[in-house]
Amino acid sequence: LSLFDMVLFLGNGGYLAYAGRVQDTKQYFQDVFDLRFELNSNPADVVMDAMSLDSVQKLVEAGQIQVDRKHLEATDAFGQHLAKAWTHKAADYGASEVSTHAPLPSLAPRGCSWGGAMQAQLRRVALQMSRTLKHFALLGCMMAGGVGGVVKAVPVDGFLPNVF
């Protein structure tokens, strides 16, 4: 997780469980769910377990997380519990809207003229041909090197019949 600045976790049922800075993730799960991270455990694995109903049931039995048993009755109920907890604490741990705002690119398909489409196809053909020529040139060099190595390694006297 340390490779990312921001992270978004979806819990069971696709409910939002966390969306914020990576460095705040561990603290959020400790504060909200009293999740205990063992000494040499991978925090990413522990957090992922904390969002899976099957794993959370085991963590509750082991006393490593505090979740009311009524939320553990069904996958959807647990996902809703995660989302509700996040909704209440998002202001404390979540990323501000300003820091996450980025303009989206246009997803509308771009039109293309007949000439533009032809030009794109010709570029594609030229690229493929250059790859093919390079491939054949490399194969030719390898074959010539191999034949040259065999010819050099074959003894001349006494091996080849005298045809002259």
Validation: residues 115-123 side-chain donor-acceptor distances under 3.5 Å, sequence neighbours left out:
| residue | atom | partner | partner atom | Å |
| --- | --- | --- | --- | --- |
| Q121 | OE1 | R124 | NH1 | 3.3 |

What side-chain donor-acceptor pairs closer than 3.5 Å can you find for residues 48-68, not counting sequence neighbours?
| residue | atom | partner | partner atom | Å |
| --- | --- | --- | --- | --- |
| Q57 | NE2 | L72 | O | 3.1 |
| Q64 | NE2 | E38 | OE2 | 2.8 |
| D68 | OD1 | K70 | N | 3.4 |

Donor-acceptor pairs are to be reported for all side-chain atoms of residues 126-143 against protein atoms at under 3.5 Å, with residues two or more places apart or in another chain.
| residue | atom | partner | partner atom | Å |
| --- | --- | --- | --- | --- |
| S130 | OG | L127 | O | 2.8 |
| T132 | OG1 | Q128 | O | 2.9 |

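Scored by the side-chain contact (heavy atoms from CB on, under 4.5 Å) test, L10 finds L8, L16 as partners (sequence neighbours excluded). Scored by the side-chain contact (heavy atoms from CB on, under 4.5 Å) test, V46 finds L35, F37, S41 as partners (sequence neighbours excluded). With sequence neighbours left out, the ring pair (Phe, Tyr, Trp, His ring centres under 6.0 Å) criterion links H71 to H81. Taking the side chain to side chain donor-acceptor pair (under 3.5 Å) definition, one finds that D31 meets it with Q27, Y93, sequence neighbours left out. Partners of D76 by side chain to side chain donor-acceptor pair (under 3.5 Å), not counting sequence neighbours, listed by chain and number: Y15, Q80. Every residue was checked against the side-chain contact (heavy atoms from CB on, under 4.5 Å) condition with T87, not counting sequence neighbours, and none meets it. Under the rule for a side-chain contact (heavy atoms from CB on, under 4.5 Å), the partners of N42 that lie at least two apart in sequence or sit in another chain are A44, D45. In this structure D24 satisfies the side chain to side chain donor-acceptor pair (under 3.5 Å) test together with R21, sequence neighbours excluded.
Aromatic pair F9/W86: ring centres not closer than 6.0 Å.
Closest heavy-atom contact between G11 and A17: N-CB, 4.0 Å.
Within the 4.5 Å cutoff, no side-chain heavy atoms of Y18 are placed close to those of L82.
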